Amino acid sequence: MVILNICRTSRLKPQMMGMQRALVQRFILLRRFFGLAGTVFLLRCITMLITSLSVPGSHLQCNPRTSPHSHSDQFLLDLMYKMKQAYVIWRGAGMSIQGVRTCGDYMFSGHTVALTMLNFFITEYTPRHVYLLHIFTWLLNMFGIFFILSGHEHYSIDVFIAFYITSRLFLYYHTLANNQALMQRDSIRTRIWFPLFSFFESSVDGIVPNEFETPAMIAQRLVSCVFYLINMAFNRVAKLLKNWCTSATVKTSPVYKKRESPLNAHGSFQNTNNVSKKLSRSRNKLHDQ
């Protein structure tokens, strides 16, 4: 962000402008990904609370867990125990391979959400001519859903709802983001129903282009940007030193008092009136004598 602020306040050459544009577009992409993923998983938290399903397979064990302080009056100890269990689930990212065992969180499938979200972002923000990559990501998405169902880790309705909600939310979001006319026509309704969208997309103008860069190209842009900023910093320091030396020389030089001009503002001599008065006085004296 420091590089972006410096780039915006300086005169940039074309490669720096390209670097700034690429960074802004990448921040927009990351912002959309985390915004959509967070929205879907927040909705998943709500569905888990209102819909609790039993285990879909016999290999899954779901035993009730009660707090040792649940039947006592020690409310704070019971709350601390539940917070500790929530931290264990968060630390293991909810995955069984990390030792996390949960029950009733089947509506809807979080694994399907992650697979579908990544698939849609890859197909949306990569060039259209890379169709082999798009086919590969769709195959991975479908095979992932198949293995989730075949392993009896979720019900079919869990996977279907996860895919439907993720895909619809992604398409609705990008339809509004890529069509500014729709967002401006129903701006009040958009702010009410999609406040996060209105906040994030208010400064975005147009469609984010599908431009692909290799790591070598990104590294080259970064190196050129760093060298340009270093050169600009050295130039500014040299300019400040030059100004400081000039001001110090002016202060140490002798000051000469400016001679007053004998002419007044009208271009005539300032002492003309005095001379005429003296002449008139001398004439009066001669006349008296």
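Computation of the quantities below employed the complete heavy-atom set of this structure, encompassing side-chain atoms and omitting hydrogens, waters and symmetry-equivalent molecules. Note that the structure is a prediction, hence the values are computed from the model and not measured.
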From [X] atom [atom1] to [Y] atom [atom2], the distance as rounded to the nearest 0.5 Å:
X      : Y      : atom1 : atom2 : result
Gln85  : Lys82  : CD    : NZ    : 11.0 Å
Phe108 : Phe163 : CZ    : CZ    : 13.5 Å
Leu79  : Lys84  : CG    : NZ    : 14.0 Å
Ile161 : Leu43  : CD1   : CG    : 10.0 Å
Thr166 : Leu118 : OG1   : CG    : 10.5 Å

Path from [X] to [Y] over hydrophobic side-chain contacts below 4.5 Å:
X      : Y      : value
Ile28  : Met117 : yes
Ile122 : Leu115 : no
Val237 : Leu229 : no

Quick one: does any side-chain atom of Arg128 pair with a main-chain N or O of Thr123 as donor and acceptor, under 3.5 Å?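 Looks like yes, one N/O pair under 3.5 Å.
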
Between the main-chain N or O of Met48 and the side-chain N or O of Thr51, is there a donor-acceptor pair closer than 3.5 Å? no

Closest contact, heavy atoms only, Arg44 versus Ser109: NE-C, 4.1 Å

Answer whether the closest heavy-atom distance between the side chains of Glu124 and His174 falls below 4.5 Å. yes

Could you check whether any side-chain heavy atom of Asp158 comes within less than 4.5 Å of a side-chain heavy atom of Tyr155, counting everything from C-beta outward? yes

Using the rule given for side chain to side chain contact (heavy atoms under 4.5 Å, CB included), can you reason through Met107 versus Ile157, listing the C-alpha separation, both sets of side-chain angles and the distance that settles it, and then say yes or no? CA-CA 8 Å; Met107 181 61 70; Ile157 189 65; 4.0 Å; yes

Under 6.0 Å from the ring centre and within 45 degrees of the ring axis: does the NZ or CZ of Arg168 meet both conditions for the six-membered ring of Tyr164? yes

Atom pairs and distances, donor-acceptor, side-chain atoms in residues 135-149, under 3.5 Å, two or more places apart:
from   : atom 1 : to     : atom 2 : distance (Å)
Thr137 : OG1    : Asn119 : OD1    : 3.1
Thr137 : OG1    : Leu133 : O      : 3.2
Thr137 : OG1    : His134 : O      : 2.8

Considering only distance and modelled atom types, tabulate donor-acceptor pairs under 3.5 Å from the side chains of residues 29-42, sequence neighbours left out.
from  : atom 1 : to     : atom 2 : distance (Å)
Arg31 : NH2    : Phe200 : O      : 3.1
Arg32 : NE     : Glu201 : OE2    : 3.0
Arg32 : NH1    : Tyr125 : OH     : 2.8
Arg32 : NH2    : Glu201 : OE1    : 2.9
Thr39 : OG1    : Gly35  : O      : 2.7

Listed partners of Leu49 passing side-chain contact (heavy atoms from CB on, under 4.5 Å), at least two apart: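 Checked Leu49 against side-chain contact (heavy atoms from CB on, under 4.5 Å); zero matches.
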
